[in-house]
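Okay, so here's the structure we're looking at.
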Protein chains: 2
Amino acid sequence: MILEYILLGLLREPATGYALKTEFDEGASHFWSAKLSQIYPALNRMEKRGWLKSTVEASDKGPERRVYTRTKAGEKALFRWLRTEPIVGMERFAYLAQLIFMGQIEDPATTLQFMKQLRELLSAKLNLLSSVAEGMKTDDLNIEDFHAHLSLRMGVLSLSAKVRWCDESIKRIDARLAKEGARV
Amino acid sequence: MILEYILLGLLREPATGYALKTEFDEGASHFWSAKLSQIYPALNRMEKRGWLKSTVEASDKGPERRVYTRTKAGEKALFRWLRTEPIVGMERFAYLAQLIFMGQIEDPATTLQFMKQLRELLSAKLNLLSSVAEGMKTDDLNIEDFHAHLSLRMGVLSLSAKVRWCDESIKRIDARLAKEGARV
DNA sequence: GATGTCATGTAATAAGTTACATGATTTG
DNA sequence: CAAATCATGTAACTTATTACATGACATC
């Protein structure tokens with residue numbers, strides 16, 4: 001279960017389920033996502049399995065919180081997973097499914113609008129990631145920041161490629177529409 | 001449910017569950033995947049809902065087959081979905097999760113090997129997609145082939161970017177290893 | 001006769017989403 | 001005092017994977 005390994009990875013330092021959710025949204029949202037209602041039971045399972053230990057602490061703000069700490073067994077499980085082959089082939093792009101079948105509607109104007117919307121959505125994501133990446137230095141990073149920077153770069157490069165693809169596609173659709181218009 | 005809409009899209013022409021699985025693997029694997037054990041119940045549900053009709057036919061080869069045909073209601077449901085906003089934010093890259101936490105192992109050689117493996121896996125996918133894309137003409141396509149070509153292009157462009165990212169990353173890790181070696 | 005492809009399904013389990021339920025503290 | 005944030009969980013449901021079960025026909 002990939003979520004569990006991501007939680008193990010995030011639990012480098014002890015944290016609550018709530019804090020992990022925040023980290024997820026801030027640092028991992030470009031490659032994975034999870035809801036609180038999935039995180040809490042997962043942490044529970046992991047503790048039963050011996051990968052985590054938890055203690056209940058009073059909070060300075062709000063109710064009591066359950067703080068999870070990664071055990072040695074948890075670390076071992078994580079490292080074992082990290083040494084497996086790169087996991088590929090689970091890619092999911094729902095918007096490509098929409099685009100590919102949109103030809104059946106036979107209305108280039110619909111596709112044009114779709115691609116323009118998609119361009120905006122993707123470039124907003126790109127801007128977010130770029131600003132995080134640019135806020136980091138690139139040289140003399142410690143090994144953990146170096147890894148964080150590597151994965152940010154992949155987000156930046158692949159989103160840039162997709163935005164360029166949107167632009168290219170918009171031009172091609174415009175050209176088709178111009179031809180159609182000329183024919184009438 | 002996205003799978004159901006993809007099945008509707010594929011069912012432009014009547015087909016069996018088995019044939020849809022083949023189409024999935026050949027034409028849709030770079031943006032979605034599904035197992036037969038998920039496809040059969042889905043088709044069943046969709047027929048109950050009135051999106052499909054099925055008939056049982058004898059096969060020239062192997063056992064009887066259930067051929068599904070998309071109904072007008074199914075087409076309407078598909079077109080309605082196609083006109084919704086582009087679905088983004090479901091991206092999942094398990095290999096990025098591996099990479100980002102790999103810093104905790106503190107062994108650049110592990111990361112180097114990982115990136116080299118990833119490069120091979122991604123470039124194999126890229127070659128597959130490129131050859132399909134190159135086998136298509138680019139001008140004067142009918143509207144459906146045009147859409148197929150658009151989505152192939154996204155695969156080619158974004159995979160190229162990722163392969164370049166692997167190369168860039170491999171160089172950076174090599175540089176770190178060289179530095180480390182120099183220090184010893 | 002073994003292996004591969006065609007063909008359809010069910011059962012059990014795992015993973016993920018939406019909705020429900022509760023309640024304290026902080027900030028405007 | 002209303003809204004936001006902090007905080008934890010359960011219940012119901014949907015979606016997806018793995019394993020099981022069956023069997024015809026084709027090719028080597």
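Each chain gets a letter, A, B and so on, in the order the sequences are listed, and its residues count up from 1.
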Item to complete: Rounded off to whole Å, could you give me the CZ-to-P distance for the Phe24(B) and dT17(D) pair?
Response: 10 Å
Worksheet item: In whole angstroms, how far is the P atom of dA16(D) from the CG atom of Leu43(B)?
Response: 14 Å
Worksheet item: Can you list the residues that meet the ring-ring contact (aromatic ring centres under 6.0 Å, His included) rule with Trp165(B), with sequence neighbours excluded?
Response: none
Worksheet item: At how many degrees, to 10°, do the end axes of the helix from dG1(C)-dC28(D) to dG28(C)-dC1(D) meet when each uses five pairs?
Response: 30°
Worksheet item: Roughly how many Å is it from CD in Glu23(B) to C1' in dC6(C), rounded to a whole number?
Response: 16 Å
Discussion item. Across nucleotides 10-20 of chain C, 5' to 3', mark each nucleotide with B, S or - according to how protein heavy atoms within less than 4.0 Å reach it.
Written reply: B----SBBBB-
Worksheet item: How long is the line joining CD1 of Ile6(B) and C1' of dA16(D), in whole Å?
Response: 13 Å
Worksheet item: Is NZ or CZ of Arg176(B) both nearer than 6.0 Å to the six-membered ring centre of Phe146(A) and within 45° of the ring axis?
Response: yes
Worksheet item: Residues in ring-ring contact (aromatic ring centres under 6.0 Å, His included) with Tyr95(A), at least two apart?
Response: Phe93(A)
Practice prompt. Assign the ring pair Tyr5(A) / Trp51(A) to parallel, tilted or perpendicular, where the plane angle (0 to 90°) is split at 30° and 60°.
Written response: tilted
Worksheet entry | Whole-Å distance separating the NZ atom of Lys21(B) from the C1' atom of dG9(C) | 15 Å
Worksheet item: Lys137(A): what forms a side-chain hydrogen bond (donor to acceptor under 3.5 Å, both in side chains) with it, not counting sequence neighbours?
Response: none
Worksheet item: Starting at CD of Glu64(A) and ending at P of dG23(C), how long is that distance when rounded to a whole Å?
Response: 14 Å
Worksheet item: 5'-most contact on DNA chain C: Thr22(B) or Tyr68(B), nearest heavy atom basis?
Response: Thr22(B)
Worksheet item: When you check the phosphate oxygens OP1 and OP2 of dA24(C), does a side-chain N or O of Arg65(A) lie under 4.0 Å from one of them?
Response: no
Worksheet item: Distance-only, no hydrogens or angles: does the Thr71(A) side chain make a donor-acceptor pair with backbone N or O of Gly50(A) under 3.5 Å?
Response: yes
Worksheet item: side-chain hydrogen bond (donor to acceptor under 3.5 Å, both in side chains): which pairs involve residues 154-163 of chain A, sequence neighbours left out?
Response: none
Worksheet entry | Any donor-acceptor pair under 3.5 Å from Glu106(B) side chain to Ile143(A) backbone | no
Discussion item. Can you give me the closest heavy-atom contact between Leu3(A) and Ala34(A), atom names plus distance?
Written reply: CD1-CB, 3.7 Å
